[in-house]
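Below, chain A is the first sequence line, B the second, and so on; all start at residue 1. Below, all heavy atoms of this structure are taken into account, side chains as well, without hydrogens, waters or symmetry copies.
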2 protein chains.
Amino acid sequence: MKSKKPLKLASVRPEIREAESDTDRLVTELRRRIVSHEIAPGARLRENQIAEEFDVSRGRVREAFGVLEERGLIERIPNKGALVTRLEADRIEELFEVREFLEAAMVRLATERGTRETWERLLNVFGDDLAEAVAGNDFDAYMAAIREFRGTCIAVAENETLKGLLDSIYDRVQGMTRRLVLVPGRAMAGFHQHRDILIAMRDGDADRAEQLRRENLRDARAWFQKYQSYLL
Amino acid sequence: MKSKKPLKLASVRPEIREAESDTDRLVTELRRRIVSHEIAPGARLRENQIAEEFDVSRGRVREAFGVLEERGLIERIPNKGALVTRLEADRIEELFEVREFLEAAMVRLATERGTRETWERLLNVFGDDLAEAVAGNDFDAYMAAIREFRGTCIAVAENETLKGLLDSIYDRVQGMTRRLVLVPGRAMAGFHQHRDILIAMRDGDADRAEQLRRENLRDARAWFQKYQSYLL
DNA sequence: AAATACAATATTGTTGACAATATTGACAAC
DNA sequence: GTTGTCAATATTGTCAACAATATTGTATTT
């Protein structure tokens, strides 16, 4: 099963290509699998197995484990091994608490720095079409709209540090979030909350937008608490 | 100069001792040196040199570099090397923006979860004695008080995720923060702001405490902007 | 002297092997 | 059947050597 590692050839487009080490590729791919729950929370990660699959040495795998651990995606126990982080209820609550403030920051900065047109365009995304889709349980449409909202906000906010922190949190809670929208009524509530936030943003009312975003996160947290036995 | 690495002996107190790998020790010590500016921003970190100093192999050093990079303390350029991160003015502004919200979160949660006695005790720390010390440019006393304020708040807030994010930010801005208190008038302003925040906390007024903390951070940022040519 | 070519050196990237530790499974004692 | 040993196996921790890439120094040309 072991394939010979080919010598590294010069890239076809050396002027464009950005160097990416084996470790970087490992981090990227393992992150993807963990975030998507392709590898389940609590699952054991064996250095040997991963090294063989990606055809690299265990040293690379260990390096990748180090950064995944730092990101909170895996936990390592010395001399025992690495496990995909399993979020307990209290840790999820913590993440909701922190998110409430970081999302508030995102919405405030975006409101202050964005143009009215930006939010009008986003308001069209959160229009009656999406309302109908959500009413018909089209979660893909809803999730896509949410993603666009967040992507636009974080781009307009122009704060790489904030972006990094929020991305890291999204990575950790993505699995739970996807289940949360399944709870009857949650998606529709979220839809209306986002629409209200966008109206405040369009009107340039940063205080109100920030306040509404915080309420939105607190509400999401309340739904999580109510249905947590189904969500964990 | 090369000393033989001794075989690892069983710990004297195996029941107490928590396993700490070479990599962990490297991360801890390098972090300390970078945060304290014992290693200057922009300085080159050579794997060989560090490996020799700590008497470990380069593999360990590389692993440590991975997590330091993830924490934003160093930057690595593929095939070139690692540099201690040098914060540019715009990145510092970003960190101030994010901090404004995370510190607000800390103060709110602490207010909601702490007891009146806790804040009364802290108010004693921020009493007239400290005011006099600050007036006499006793920065050690001021910094110690600030540290106690933060330590108490973050402990009372009971949110490990928030603690981790704030610790990471403190690590990155500590050098600049220490210079900022040198600016004439800044320490005294900070002193009064902290006292006002603590009064709100003692009164259980989380809204006001949060608001004051945000103003405190915005003010600190304004001072930074005004004196940045001296601070960078 | 300035610019260039290129060998010599230094530094980072990667691997396979060995050491230390943990887990498993077979066997015996109770 | 349960429990306790202990050797066999599996897994993590570490290192030293080699490969790939970058930097430096020097001779050479202009």
Side-chain angles (χ1 to χ4, degrees), chain A residues 1-30 39 42-69 74-84, chain B residues 1-30 39 42-69 74-84:
Chain A
M1 226 28 236
K2 187 88 190 295
S3 71
K4 192 84 181 200
K5 174 154 200 163
L7 291 182
K8 266 197 180 162
L9 302 178
S11 166
V12 181
R13 301 179 301 170
E15 72 287 4
I16 290 178
R17 170 125 195 85
E18 178 176 303
E20 177 158 351
S21 65
D22 287 352
T23 303
D24 291 342
R25 282 190 295 102
L26 274 174
V27 169
T28 302
E29 175 60 13
L30 288 176
I39 311 179
R44 176 79 180 277
L45 294 177
R46 286 191 181 76
E47 296 175 358
N48 246 326
Q49 181 207 314
I50 293 169
E52 273 192 31
E53 174 182 343
F54 289 90
D55 199 27
V56 297
S57 70
R58 274 183 49 236
R60 304 309 93 219
V61 177
R62 289 187 120 256
E63 236 175 297
F65 279 12
V67 349
L68 292 172
E69 179 182 31
I74 70 173
E75 290 169 1
R76 295 169 95 181
I77 304 160
N79 293 317
K80 300 268 260 178
L83 307 177
V84 176
Chain B
M1 228 27 238
K2 187 86 189 294
S3 71
K4 193 83 178 203
K5 174 154 199 162
L7 290 183
K8 265 198 181 162
L9 302 179
S11 168
V12 181
R13 301 178 302 171
E15 72 287 2
I16 290 177
R17 169 128 196 83
E18 177 176 304
E20 176 158 352
S21 66
D22 288 354
T23 303
D24 291 342
R25 283 190 295 102
L26 273 174
V27 169
T28 302
E29 176 59 14
L30 288 176
I39 312 179
R44 175 79 179 276
L45 295 176
R46 287 192 181 74
E47 296 174 0
N48 247 326
Q49 180 206 316
I50 293 168
E52 273 193 31
E53 173 182 344
F54 289 91
D55 200 26
V56 297
S57 71
R58 274 182 50 237
R60 305 311 90 220
V61 177
R62 287 187 122 257
E63 236 175 298
F65 278 12
V67 350
L68 292 172
E69 180 181 30
I74 70 173
E75 290 169 2
R76 294 169 95 181
I77 303 160
N79 293 318
K80 299 268 261 179
L83 307 176
V84 176

Rounded interatomic separation in angstrom, taking [atom1] from [X] and [atom2] from [N]:
{"X": "B:Asp55", "N": "D:dA16", "atom1": "CG", "atom2": "C1'", "result": "13 Å"}
{"X": "B:Glu63", "N": "C:dT15", "atom1": "CD", "atom2": "P", "result": "15 Å"}
{"X": "A:Arg76", "N": "C:dA22", "atom1": "CZ", "atom2": "P", "result": "15 Å"}
{"X": "A:Ile77", "N": "D:dT11", "atom1": "CD1", "atom2": "P", "result": "16 Å"}
{"X": "A:Leu83", "N": "C:dA22", "atom1": "CG", "atom2": "P", "result": "15 Å"}
{"X": "A:Ile50", "N": "D:dT12", "atom1": "CD1", "atom2": "C1'", "result": "13 Å"}
{"X": "B:Glu47", "N": "D:dT14", "atom1": "CD", "atom2": "P", "result": "17 Å"}
{"X": "B:Asn48", "N": "C:dT11", "atom1": "CG", "atom2": "C1'", "result": "7 Å"}

(request) Sort out for me which residue in B:Leu83, B:Ile39, B:Leu68 forms a side chain to side chain contact (heavy atoms under 4.5 Å, CB included) with B:Leu45. (result) B:Ile39
(message) Against B:Arg60, only a single residue in B:Leu26, B:Val27, B:Asp55 fulfils side chain to side chain contact (heavy atoms under 4.5 Å, CB included); can you say which?
(response) B:Leu26
Taking the minimum atom-to-atom distance to the side chain of [X], which one of [options] wins?
{"X": "A:Asp22", "options": "C:dT12, C:dT15, D:dC15", "answer": "C:dT15"}
{"X": "B:Thr23", "options": "D:dT14, C:dT14, C:dT12", "answer": "D:dT14"}
{"X": "B:Val56", "options": "D:dC15, D:dT14, C:dT21", "answer": "D:dC15"}
{"X": "B:Arg58", "options": "C:dA22, D:dA17, C:dA17", "answer": "D:dA17"}

(message) Restricting to non-hydrogen atoms, name the atom on A:Asn48 and the atom on A:Arg58 that form the minimum distance, rounded to 0.1 Å.
(response) OD1-CD, 3.7 Å
(request) Could you list the residues that satisfy side chain to side chain contact (heavy atoms under 4.5 Å, CB included) with B:Glu29, not counting sequence neighbours? (result) B:Arg32, B:Arg33, B:Phe54
(message) My understanding is that only residues two or more places apart in sequence, or in another chain, count here; which of them pass side chain to side chain contact (heavy atoms under 4.5 Å, CB included) with A:Glu69?
(response) A:Ile74, A:Arg76
(request) Map B:Gly59 and B:Arg44 onto DNA chain D by nearest heavy atom, then report which one ends up closer to the 5' terminus. (result) B:Gly59
(message) On DNA chain D, compare the nucleotides closest to B:Arg60 and A:Leu45; which residue's is nearer the 5' end?
(response) A:Leu45
